[in-house]
Colleague: 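Got a structure for you, written out below as structure tokens; questions coming shortly.
When a ligand or atom number is given, it counts from 1 through the structure's own listing order.
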Amino acid sequence: MNTYVYTLYGNVYVNLTNRCSNSCEFCIRNHESTMDGRTFSSHKGDSGDAYDLWLDREPSYDDVVSQLDELDLSQYKEMVFCGYGEPTYRFDIIERLCKYARDKGIRTRINTNGHGSKIQGRDIAPAMAACIDTINVSLNAVDAVSYQSLCHSIYGNDSFDIMLDFARECVKCGGNVVLSIVDCVPDEQIERAAEIAEQVGAKLRVRKML
Ligand code: SF4
């Protein structure tokens with residue numbers, strides 16, 4: 001059975017797609033054989049290790065809700081859109097699921113590579129800022145060339161600026177935006193990441209490499 005919903009670290013995770021506009025070198029999608037049949041999703045930073053997140057079929061809204069309805073959501077801190085691909089490919093149902101989460105009284109977060117507006121072919125920042133409590137955008141690198149050499153995006157060297165523009169637009173729209181970078185990069189890059197976050201108007205989260 002496809003795992004559309006799973007729980008970990010006191011959160012509920014919603015897994016909507018395998019599709020991604022990047023092919024990051026550090027992504028567990030590229031290192032599956034080392035994982036002994038278990039799966040992580042690395043741009044998410046906090047996905048689980050006890051679930052097979054690869055989907056045979058992307059879920060409908062009702063598919064996700066039927067799995068969510070099996071949980072007592074009052075027991076969890078956040079509903080997190082995160083999984084084995086880039087969740088904004090399914091922004092249509094994310095908006096609906098955020099309304100569901102609000103009705104249930106649970107906060108929401110998305111872990112995204114920041115390409116959502118490009119993926120959707122329209123500016124989704126206003127809708128994103130309006131519906132999701134925390135927008136966590138993976139920064140991954142501090143310049144366009146380094147980003148592309150690490151993330152191998154279908155958008156080429158534009159991918160870094162696409163991501164930053166999206167983060168900036170979400171901030172302008174009142175979104176709570178966090179840029180994240182892993183702690184294995186040199187200190188100078190962490191400092192540069194902090195400058196970028198400040199310029200964008202976002203917070204910076206330095207997260208542990210899984
Ligand atoms: S953006 Fe995230 S899901 Fe996509 S390849 Fe990179 S780490 Fe993997």
Colleague: Which of the atoms in ligand 1, numbered in the order shown and given with their element, are less than 4.0 Å from a heavy-atom of F26?
Modeller: 7 (S)

Colleague: Could you tell me whether R96 and D62 make a salt bridge, using a distance below 4.0 angstrom between a side-chain N and a carboxylate O?
Modeller: no

Colleague: So does C24 have any N/O/S atom less than 2.8 Å away from atom 8 (Fe) of ligand 1?
Modeller: no

Colleague: I'd like to check the salt bridge (Lys or Arg N to Asp or Glu O under 4.0 Å) partners of D158; sequence neighbours left out, ordered by chain and number.
Modeller: none

Colleague: Report, in ascending order of atom number, the atoms of ligand 1 lying under 4.0 Å from any heavy atom of C20.
Modeller: 1 (S), 3 (S), 4 (Fe), 5 (S)

Colleague: Which of the atoms in ligand 1, numbered in the order shown and given with their element, are less than 4.0 Å from a heavy-atom of C27?
Modeller: 5 (S), 7 (S), 8 (Fe)

Colleague: Starting from Y89 and following side-chain heavy-atom contacts under 4.5 Å between hydrophobic residues (I, L, V, M, F, W, Y), which residues can be reached?
Modeller: I119, I154, Y155, I162

Colleague: Are E86 and R19 ion-paired here, with the side-chain N under 4.0 Å from a carboxylate O?
Modeller: no

